[in-house]
*Asks:* 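So that we are looking at the same thing, I have put the structure below in structure tokens.
Start at 1 and go down the list; that is how both ligands and their atoms are numbered. Note that this is a predicted model, so its numbers are computed, not measured.
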Amino acid sequence: MEYLPEFDLLRPNTVDEALSLRRERPDARFLAGGTDLIVNIRRGIAEPGTVIDLTGIAEIRRIARQDDGGLKIGAAVTLAELLERPELTDEYQALREAAAEVAASSHREVATVGGNLCLDTRCLYYNQSEWWRSANAYCLKHRGEVCHVAPSGKHCFAAFSGDLAPAIMALGGTAEIAGPDGRRTAPLGEIYQDDGAAHLRLADGEMISAVQLPAAGTWQSGYAKARVRAAIDFPLAGTAIALRTDGRALEDIRVALTGTNSCPILIAGTDRLLGEAVGEEMAEQLVAMLPKQIQPMSSTFTPPGYRRKVVANLARSLFQRLIEAP
Ligand SMILES: Cc1cc2nc3c(=O)[nH]c(=O)nc-3n(C[C@H](O)[C@H](O)[C@H](O)COP(=O)(O)OP(=O)(O)OC[C@H]3O[C@@H](n4cnc5c(N)ncnc54)[C@H](O)[C@@H]3O)c2cc1C
């Protein structure tokens with residue numbers, strides 16, 4: 001039977017206090033809604049002696065319009081709170097659609113933006129009980145020597161399955177990061193790398209304090225997701241698109257994916273489409289860019305080839321939806 005092991009629970013009131021507690025306890029993990037971390041602790045794939053609960057920090061629980069028309073969303077804002085503020089978030093449809101499709105409504109009441117962005121990578125051979133994993137000699141990501149997905153190599157192919165990251169990347173969002181060396185900002189995509197065992201490029205002791213979105217202006221956006229169980233499930237693949245047109249030609253576009261790699265992917269080469277007439281032909285050109293930039297592996301119940309087709313169909317239909325929108 002799986003049980004929750006003992007750990008110390010610390011509840012700081014400020015970001016600085018959280019960082020200093022983390023410095024004092026190098027084995028500590030930050031905790032937000034706990035809908036990912038607590039599950040992993042129970043399964044024995046995360047074993048912190050201390051967890052530092054970020055949800056009591058008022059400064060990272062706010063959503064606020066910025067002077068330049070953009071939006072700042074604190075890392076400890078819950079997905080339910082995000083969805084309850086349409087007056088601030090309606091113009092960022094990709095974010096709203098992604099948040100509305102994370103897990104189930106009960107999870108979204110506590111699940112946070114920061115926790116979603118820092119979600120652990122997932123794999124058939126990793127998200128299993130202790131007895132299951134021990135019977136299979138564990139895996140490269142945790143305690144084992146072999147990646148069961150690609151046994152001949154030494155690379156972990158666990159997939160990133162967060163829904164918000166591609167939406168925020170398509171919207172041109174940046175992460176505000178607080179750490180032992182001070183505060184910094186980075187385009188969200190820069191906090192990730194394509195390594196299932198170490199997909200976050202945050203330095204030791206760093207946390208995300210907020211996400212900033214630029215003013216939406218005339219950008220239109222959306223998110224489309226495929227999952228096994230429609231009511232509650234991680235994405236097999238998810239696609240976010242943000243674009244601007246002058247009614248006929250494409251002025252700008254960003255496309256980002258989740259579920260296909262160990263990190264969310266911002267599709268490169270889309271600038272070739274700028275200035276061209278939007279329509280079905282452009283949708284096919286866009287879809288043709290995807291295969292070489294993604295690498296789904298056998299880390300889920302569905303085969304990689306299936307996820308390749310799914311991601312192409314999601315991108316095609318989402319692009320059509322956006323260009324046909326009034
Ligand atoms: C049944 C089920 C279905 C799910 N379905 C989905 C789904 O469809 N889509 C999806 O995206 N997710 C899904 N999830 C995962 C999870 O619920 C969400 O990703 C959620 O948003 C995680 O946020 P949290 O606040 O609960 O994170 P936590 O569990 O508290 O933390 C997750 C990770 O992020 C770290 N962390 C938290 N906050 C910060 C911060 N501010 N800075 C740095 N690190 C931080 C923690 O240390 C931990 O490693 C599902 C989970 C379950 C149990």
*Asks:* Side chain, backbone, both or neither: which part of Asp233 has a heavy atom under 4.0 Å from ligand 1?
*Replies:* backbone
*Asks:* Give the atom numbers and elements of ligand 1 that come within less than 4.0 Å of a heavy atom of Glu101.
*Replies:* 8 (O)
*Asks:* Any ion pair linking Glu130 and Arg143 (charged N to carboxylate O, less than 4.0 Å)?
*Replies:* yes
*Asks:* Check for me whether Arg43 meets the cation-pi criterion with Trp132, that is, NZ or CZ under 6.0 Å from the six-membered ring centre and within 45 degrees of the ring axis.
*Replies:* no
*Asks:* Determine the minimum heavy-atom distance between Ala237 and Val311, stating which atoms define it.
*Replies:* CB-CG2, 3.9 Å
*Asks:* Is the closest basic N to carboxylate O distance between Arg316 and Glu280 below 4.0 Å?
*Replies:* no
*Asks:* Nearest heavy-atom pair of Tyr192 and Cys263: which atoms, and what distance?
*Replies:* CB-CB, 3.6 Å
*Asks:* Given Cys118, Gly162, Gly179, which has its nearest heavy atom closest to atom 45 (C) of ligand 1?
*Replies:* Cys118
*Asks:* Would Ser161 count as a contact residue for ligand 1, given that I'm defining contact as a non-hydrogen atom of the residue lying under 4.0 Å from a ligand atom?
*Replies:* yes
*Asks:* Considering only the protein, which heavy-atom contact is closest to atom 17 (O) of ligand 1, and what is its distance?
*Replies:* Thr35 OG1, 2.6 Å
*Asks:* Does ligand 1 come near enough to Leu79 that some N or O of the ligand is less than 3.5 Å from an N or O of the residue?
*Replies:* no
*Asks:* Using heavy atoms and a 4.0 Å limit, tell me yes or no: is Asp120 in contact with ligand 1?
*Replies:* no
*Asks:* Does Asp90 pair with Arg85 as a salt bridge, N-O distance under 4.0 Å?
*Replies:* no
*Asks:* Are any of the N/O atoms on Ala103, whether in the backbone or the side chain, positioned under 3.5 angstrom from an N/O atom of ligand 1?
*Replies:* yes
*Asks:* With atom 40 (C) of ligand 1 as the reference point, say which of Asn116, Ile208, Thr112, Leu202 has the nearest heavy atom.
*Replies:* Ile208
*Asks:* Give the contacting part of Ala111 toward ligand 1: side chain, backbone, both or neither, where contact means a heavy-atom distance below 4.0 Å.
*Replies:* both
*Asks:* Identify the heavy atoms of Ile63 and Glu81 that sit nearest to each other, and give their distance.
*Replies:* CD1-O, 4.1 Å
*Asks:* Could you tell me which atoms of ligand 1, counted from 1 in the order shown, lie closer than 4.0 angstrom to a heavy atom of Leu119?
*Replies:* 15 (C), 19 (O)
*Asks:* Tell me whether Arg122 forms a cation-pi arrangement with Phe234, defined as NZ or CZ under 6.0 Å from the six-membered ring centre and within 45 degrees of its axis.
*Replies:* yes
*Asks:* Apply side-chain contact (heavy atoms from CB on, under 4.5 Å) to residues Thr245 and Glu251 and explain how you reach the verdict.
*Replies:* CA-CA 5 Å; Thr245 74; Glu251 292 180 332; 5.6 Å; no
*Asks:* Going by distance only, is there an N or O of Leu37 that falls short of 3.5 Å from an N or O of ligand 1?
*Replies:* yes
*Asks:* Taking non-hydrogen atoms only, is Ala104 closer than 4.0 angstrom to ligand 1 via side chain, backbone, both or neither?
*Replies:* neither
*Asks:* Of the choices Lys225, His107, Arg229, Met207, which has the non-hydrogen atom that lies closest to atom 2 (C) of ligand 1?
*Replies:* His107
*Asks:* Indicate whether any N or O donor in one side chain lies under 3.5 Å from an N or O acceptor in the other, for Arg96 and Thr89.
*Replies:* yes
*Asks:* Output the list of atoms in ligand 1 that are nearer than 4.0 Å to some heavy atom of Ala75, sorted by atom number.
*Replies:* 41 (N)
*Asks:* Show the atoms of ligand 1 that are less than 4.0 angstrom away from any heavy atom in Ile232.
*Replies:* 1 (C)
*Asks:* Salt-bridged, Lys141 to Asp120, with N to O below 4.0 Å?
*Replies:* yes
*Asks:* Give the numbers and elements of all ligand 1 atoms closer than 4.0 Å to a heavy atom of Gly114.
*Replies:* 38 (N)
*Asks:* Can you name the atoms of ligand 1, numbered from 1 with element, that are less than 4.0 Å from a heavy atom of Ala32?
*Replies:* 25 (O), 30 (O), 37 (C), 38 (N)
*Asks:* Could you check atom 12 (N) of ligand 1 against the protein and tell me its nearest heavy-atom contact, residue, atom and distance included?
*Replies:* Phe234 CE2, 3.5 Å
*Asks:* By number and element, which atoms of ligand 1 are closer than 4.0 Å to a non-hydrogen atom of Arg29?
*Replies:* 47 (O), 48 (C), 49 (O)
*Asks:* Pick one: which of Arg184, Arg183, Lys72 meets side chain to side chain donor-acceptor pair (under 3.5 Å) with Glu176?
*Replies:* Lys72
*Asks:* Work out which heavy atom in Gly69 is nearest to a heavy atom in Arg65; give both atom names and the distance.
*Replies:* O-NH1, 3.3 Å
*Asks:* Check ligand 1 against Gly33 and write out every atom of the ligand that is under 4.0 Å from a heavy-atom position of the residue.
*Replies:* 24 (P), 25 (O), 26 (O), 30 (O)
